[in-house]
Amino acid sequence: MQADVKHSIIHQFYTNDGQIGLRVAPTTLAINDEVGLLLSELTEVYNAKPSKGYARFIDPVNDDAEEHQISEFPDKLKAWRKGEDEFVGFSQQAAKILHQQLQHYGILEDGFLVIASYTELGQDYLVVAFLPSKEGVSIAPDLSVDRSSQLDINKVQLAATINLTEWQEEPESATYISFIKGRVGRKVSDFFLDFLGCAEGLNAKKQSQQLVESLHDYVKASEIPTEQANTLRKSVYDICDNSWKSNEPVRVKDLSEQLQQAVPAERSFADFTAEQAQPLPEEIRADRSTLRKLVKFQGQGGGLSVGFDQELLGARVEYDAHSDKLTIHGTPPNLRDQLRRYFGIDS
């Protein structure tokens with residue numbers, strides 16, 4: 001994490017006799033190597049999550065929001081930014097808001113609320129994350145064994161990053177808050193969004209799916225040969241993946257210009273999409289899992305899971321649409337070894 005950490009604090013949530021309790025920290029953490037390592041690891045895990053959502057704070061006056069979506073968090077955050085409250089006081093108020101939510105929904109889960117502010121590349125950020133805890137053991141200075149609660153950073157599912165600079169300078173933006181999206185059913189992130197008092201501003205998965213479909217239509221309409229089409233898809237994936245890693249939007253105009261350099265065509269991708277019934281937005285937030293469809297075929301069901309790079313189709317992999325048969329020439333070494341052992345064949 002190449003950032004200048006300004007403030008950081010941790011508050012604890014614990015369960016006791018069927019109730020959720022809160023223990024607030026009285027002071028911020030010292031800015032040292034240990035705290036830097038904690039925030040670096042949290043940032044690394046957060047950035048590695050394949051699906052992110054983007055949101056903005058709800059306006060209680062102008063937005064048609066339900067009562068449970070209205071939170072005091074944005075006002076408390078604004079008061080701290082204006083210097084009307086210290087960071088410790090703001091973070092304690094935030095912890096109490098989350099505590100009330102947990103009590104209201106009857107959610108019992110031990111964990112720690114981490115709130116930290118930092119500056120990176122001239123932008124101010126605030127990260128808010130609820131980290132699950134796990135029981136662990138440590139060695140005390142006298143070499144005795146001590147049991148303690150430890151942060152389980154790798155299992156974080158409730159976390160958000162707020163670009164405070166963008167919020168201040170572009171309050172109409174719908175993407176100054178990013179958060180981890182849940183996978184199935186009622187998203188786990190919904191509860192956390194209610195705590196923060198924000199609503200999803202755009203759906204990165206839907207935007208990425210529209211990009212995938214638009215590129216498919218472009219390749220078909222432009223009659224681009226298979227080899228060049230594969231190069232085109234790979235270029236789009238690489239460009240979007242780099243934007244995803246840097247948490248930057250994909251600008252369709254810039255994407256189109258780069259594609260023209262990779263695979264020159266009579267009509268640019270930007271011109272093509274602009275003529276469609278539903279044009280692509282000027283900027284797209286990439287969803288990595290959705291964009292993998294550009295370079296991989298994969299699917300599972302009935303006890304079978306198959307995945308391979310698209311460029312292998314027609315080479316090492318053949319598909320007969322009439323018989324619905326997939327033929328693979330040359331199996332992966334680890335799969336081949338398993339099959340040979342199963343049939344008693346010497347490797």
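We number each residue from 1, following the sequence as shown. In this text the structure is predicted, and so the values were computed from the model without any measurement.
Note that the CG atom of Asp124 and the OG1 atom of Thr165 stand 4.0 Å from one another [nearest 0.5 Å]. With values rounded to the nearest 0.5 angstrom, Ile9 atom CD1 is found 7.5 Å from Ile115 atom CD1. Considering CD1 of Ile70 and CD1 of Ile58, their distance stands at 5.0 Å, rounded to 0.5 Å. In this structure, CD1 on Ile162 lies 5.0 Å from CD1 on Ile177, to the nearest 0.5 angstrom. Interatomic distance, CG of Asp194 versus OG of Ser71, reported as 8.5 Å (0.5 Å rounding). Here the SG atom belonging to Cys240 is positioned 7.0 Å from the CG atom belonging to Leu294, to the nearest 0.5 angstrom.
A continuous path of ILVMFWY side-chain contacts below 4.5 Å connects Ile345 to Tyr342, so both sit in one hydrophobic cluster. Under the 4.5 Å side-chain heavy-atom criterion for ILVMFWY residues, no single connected hydrophobic cluster contains both Phe297 and Leu232. Hydrophobic clustering, with ILVMFWY side chains joined whenever heavy atoms are under 4.5 angstrom apart, keeps Val252 apart from Tyr54. Neither Ile97 nor Tyr14 shares a network with the other; the hydrophobic side chains, linked directly or stepwise wherever heavy atoms of I, L, V, M, F, W or Y lie under 4.5 Å apart, form separate groups for each. Under the 4.5 Å side-chain heavy-atom criterion for grouping Ile, Leu, Val, Met, Phe, Trp and Tyr, Ile107 is connected to Phe192 within one hydrophobic cluster.
No more than 12 heavy atoms of other residues, nucleotides or ligands sit less than 6.0 Å from atom CD of Gln19. Crowding of Glu44 atom CD: a count of heavy atoms from other residues, nucleotides or ligands under 6.0 Å not exceeding 12. The environment of Lys234 atom NZ is sparse: at most 12 non-hydrogen atoms of other residues, nucleotides or ligands sit within 6.0 angstrom.
At distances below 3.5 Å, at least one donor-acceptor pair connects side-chain atoms of His99 with backbone N or O atoms of Ile20. Of the possible donor and acceptor atoms, none in the side chain of His7 sits under 3.5 Å from a partner among the backbone N and O of Ser117. Side chain of Ser256 to backbone of Ala270: a donor-acceptor contact under 3.5 angstrom is found. Between the side chain of Gln123 and the main chain of Leu164, no donor-acceptor pair closer than 3.5 Å is present.
Using the six-membered ring where Trp is involved, Phe269 and Phe272 have ring planes that are parallel, under 30° apart on the 30 and 60° scheme.
Closest of all the heavy-atom pairs between Leu196 and Ala160 is CD1-CB, 3.6 Å. Heavy atoms only, all atoms of each residue included: Val250 and Ala286 are closest at CG2-CB, 4.4 Å. Lys52 and Ala204 make their closest contact through O-CB, 3.8 Å (heavy atoms, listed as atom of the first residue, atom of the second, distance). Looking at every heavy atom in both residues, Pro26 comes nearest to Gln92 through CA-NE2, 3.9 Å. The heavy-atom pair separating Arg285 from Ser208 by the smallest distance is O-OG, 3.4 Å. Residues Val45 and Val156 come closest through the heavy atom pair CG1-CG1, 3.7 Å.
Listed by chain and residue number, Asp4 satisfy the salt bridge (charged side-chain N to carboxylate O under 4.0 Å, His left out) test with Lys6 (two or more places apart in sequence, or in another chain). Under the rule for a salt bridge (charged side-chain N to carboxylate O under 4.0 Å, His left out), Lys206 has no partner lying at least two apart in sequence or in another chain. Annotation: ring-ring contact (aromatic ring centres under 6.0 Å, His included) contacts of Tyr125 (sequence neighbours excluded): Tyr118. By the salt bridge (charged side-chain N to carboxylate O under 4.0 Å, His left out) test, Lys205 pairs with Asp287, sequence neighbours left out. For the ring-ring contact (aromatic ring centres under 6.0 Å, His included) test, no residue two or more places apart in sequence or in another chain qualifies with Tyr237. By the side-chain hydrogen bond (donor to acceptor under 3.5 Å, both in side chains) test, Gln12 pairs with Arg23, sequence neighbours left out.
Identified under the side chain to side chain donor-acceptor pair (under 3.5 Å) test for residues 271-280, with sequence neighbours left out: Arg267-Glu275, Ser268-Asp271. Counting only residues at least two apart or in different chains, side chain to side chain donor-acceptor pair (under 3.5 Å) contacts with residues 215-233 comprise Asn230-Arg233. Residue pairs that meet the salt bridge (charged side-chain N to carboxylate O under 4.0 Å, His left out) test with at least one member in residues 241-255, sequence neighbours left out, are Asp241-Lys245, Asp241-Arg288, Arg251-Glu283.
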Extract all donor-acceptor atom pairs below 3.5 Å that involve side chains of residues 76-88 and protein atoms in other chains or at least two apart in sequence.
from  : atom 1 : to     : atom 2 : distance (Å)
Arg81 : NH2    : Gln168 : OE1    : 3.4
Asp85 : OD2    : Phe90  : N      : 3.2

Identify each donor-acceptor pair in which a side-chain atom of residues 304-317 lies under 3.5 Å from a protein atom, sequence neighbours left out, and give them as a table.
from   : atom 1 : to     : atom 2 : distance (Å)
Asp309 : OD1    : Lys296 : NZ     : 3.2
Gln310 : NE2    : Lys293 : O      : 2.5
Arg316 : NE     : His329 : O      : 3.3
Arg316 : NH2    : Gly330 : O      : 2.4

Show the atom names and distances, to 0.1 Å, of all donor-acceptor pairs under 3.5 Å that link a side chain in residues 258-265 to residues at least two apart or in another chain.
from   : atom 1 : to     : atom 2 : distance (Å)
Gln260 : OE1    : Ala265 : N      : 3.2
Gln260 : NE2    : Ala265 : O      : 3.2

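Ring to ring, Phe112 and Phe13 are not that close: their centroids are 6.0 angstrom or more apart.
Considering only heavy atoms from C-beta on, Leu211 comes within 4.5 Å of Leu280 through its side chain.
When only modelled atom types and interatomic distance are considered, Asp110 and Ser133 share no side-chain donor-acceptor pair under 3.5 Å.
The pair Glu318-Lys325 does not meet the salt-bridge criterion, since no charged nitrogen lies less than 4.0 angstrom from a carboxylate oxygen.
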